[in-house]
Trainee: 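Mind looking over this structure? Questions follow.
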Amino acid sequence: MKKRIFLKTLYLALAVIIMVASVMLNPFGAVADVSSEESNVSTANYEVNYFRKLPDEWELFSECDGGKISTTYSSGKMIIDATGSTATASKYYGGLYRIANGRNYNDFTFEMRFTMTEFNNTGRWIGVMYHTQLVGSSLIGYMMNYRCDGRSAYSVINESRAFIDGENKSGNPVLSDGIDHTLKITVSGNTATHYMDGKEIVSWNFSTAEESQTLGRLLSTGGFALIVNQSAIKISLVKITGSWTEEKIVERDNSLTNAYYSMQSGLVNAPTVVCDVRDQATLNSLSNGKIKPSNAILRLDNVLNVIDIDGESLGKFVDIYNNHLK
C-alpha cells in the first residue's frame with residue numbers, strides 16, 4: 001500500500017517537473033496561448049526575447065525584396081541586413097517580415113528593442129506596420145516609420161503599395177549612435193500613439209486621418225509586420241500585449257464591378273470604377289481604349305510630374321491629362 005502511494009506521488013511529481021520544463025525550455029520565450037472556447041479570444045502576451053532562428057510565427061513576405069535580405073543570429077539576437085535591398089514601393093522598400101503571423105489584435109501595446117547597426121545613409125528607416133491585412137497579394141495597414149536621423153511619421157500603406165505619410169516629426173532620438181533603442185506603439189480604440197525610448201512621437205486617429213481615406217475602409221484589427229529599408233538592425237526583444245483572435249483572410253468581392261469590365265477596352269465609364277495608374281502600361285491603356293474610366297488615381301511628385309509606384313516619372317501632369325485623360 002505504501003509502495004503504491006509512493007509511486008502515485010512520484011508520477012505526479014514527474015508530471016509537474018515535465019510541465020515546468022516545457023515552459024522553461026521554450027527556445028524563443030514566446031508565452032503559450034490561452035484561448036477561450038466561447039469567444040475564441042486569447043489574452044496571452046506574445047514575447048520573443050531570445051533568437052536562435054526565425055520564430056515560427058514570423059514570415060519573410062514573398063512580395064518584398066527578399067532575395068536581397070539576410071537574416072543571421074548571434075548571442076540570442078536576430079540581425080536583419082537589408083543594406084543591399086531595393087528602394088521601390090512595389091517591393092515594400094526592402095525586407096518585410098510578418099510578426100506573430102496568424103494573430104489579429106484590436107487594442108495592444110507593441111514593443112521592440114533593437115540596434116541599427118548599418119545604414120546606407122541617415123535617411124534610411126525601419127517601419128512597424130500594425131492592423132495589417134492581406135488583400136490579394138498586398139499587405140495593407142498603418143505604420144510607424146522611423147528614420148536613422150530621428151525623423152518619424154505615421155503612414156498608411158494601401159493595396160496599390162503606395163506609402164502615404166503623415167507629418168514628419170523631427171528632433172527625436174537618432175538611431176545612428178549604435179546603441180539599443182526601444183520602439184513602442186499603443187492602440188486604444190482608433191487612436192495610435194508612437195514612442196521611441198519613452199518619448200511620445202505622435203498620437204493620431206486612424207479612422208479620421210486624411211491619409212487613411214486611400215484604404216477605402218477602417219482597419220480596426222489586424223496583425224504586425226516589420227520593414228527594414230536599406231539598413232541593418234539587431235533585434236533583442238519583440239513583445240505584444242493585448243487580446244487577439246485568429247487572422248481571417250480578406251477576400252476581394254468583385255461582384256459589384258464585374259459588369260463594368262470589358263475584354264476589349266478594359267475599364268468602362270461607371271461611377272464606381274477607378275483606374276489606378278501604377279505604371280506606363282496602365283497609363284497607355286487609358287488612351288488606347290475607346291472608353292475611359294470615370295476616375296483615375298495619379299501619383300504626383302513635388303514638381304507635379306506624374307510618377308509610377310516606383311517613383312519614376314511618367315511625364316508632366318498637364319501633358320498626361322491632355323494626351324490620356326481629357
Trainee: Inspect the surroundings of NZ in K199 and state if more than 12 heavy atoms from other residues, nucleotides or ligands are less than 6.0 Å away.
Mentor: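 Enclosed.
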Trainee: Kindly work out whether a path of hydrophobic side-chain contacts (I/L/V/M/F/W/Y, heavy atoms less than 4.5 Å apart) joins V318 to L304.
Mentor: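 No, V318 and L304 fall in different hydrophobic clusters.
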Trainee: Would a hydrophobic clustering, with Ile, Leu, Val, Met, Phe, Trp and Tyr connected at side-chain separations under 4.5 Å, put F119 with Y97?
Mentor: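 In one cluster: yes.
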Trainee: Check the side chains of R161 and S137 for a donor-acceptor pair under 3.5 angstrom, ignoring hydrogens and angles.
Mentor: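 Side chains of S137 and R161: pair found under 3.5 Å.
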Trainee: Can you find a side-chain donor-acceptor pair between N45 and K239 that sits under 3.5 Å?
Mentor: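 Their side chains do not contain a donor-acceptor pair, so the 3.5 Å distance test is not met.
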Trainee: Side chain to side chain donor-acceptor pair (under 3.5 Å) between N145 and S155: does it pass, once the steps are laid out?
Mentor: CA-CA 7 Å; N145 74 52; S155 306; 2.6 Å; yes
Trainee: For F317 and Y321, take the angle between the two ring planes, folded into 0 to 90°, and tell me which bin it lands in: parallel under 30, tilted 30 to 60, perpendicular over 60.
Mentor: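 The rings of F317 and Y321 lie parallel, inter-plane angle below 30°.
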Trainee: How are the rings of F61 and Y92 set relative to one another: parallel (under 30°), tilted (30 to 60°) or perpendicular (over 60°)?
Mentor: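 Perpendicular.
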Trainee: Hey, are D65 and T86 close enough side-chain-wise for a donor-acceptor pair under 3.5 Å?
Mentor: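 Note: T86 and D65 side chains miss the donor-acceptor criterion.
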Trainee: Parallel, tilted or perpendicular: which fits the ring planes of H194 and Y130, with parallel below 30° and perpendicular above 60°?
Mentor: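 Perpendicular: the ring planes of H194 and Y130 meet at over 60°.
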Trainee: Could you go step by step and tell me if N120 and T83 meet the side chain to side chain donor-acceptor pair (under 3.5 Å) rule?
Mentor: CA-CA 6 Å; N120 291 3; T83 51; 4.9 Å; no
Trainee: Do L226 and L219 belong together in a cluster built from hydrophobic side chains that touch within less than 4.5 Å?
Mentor: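 Same cluster.
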Trainee: Quick one about N158 and T214 (side-chain donor to acceptor, distance below 3.5 Å, no hydrogens or angles considered), yes or no?
Mentor: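 Yes, because at least one side-chain N or O of T214 sits under 3.5 Å from a partner of the opposite role on N158.
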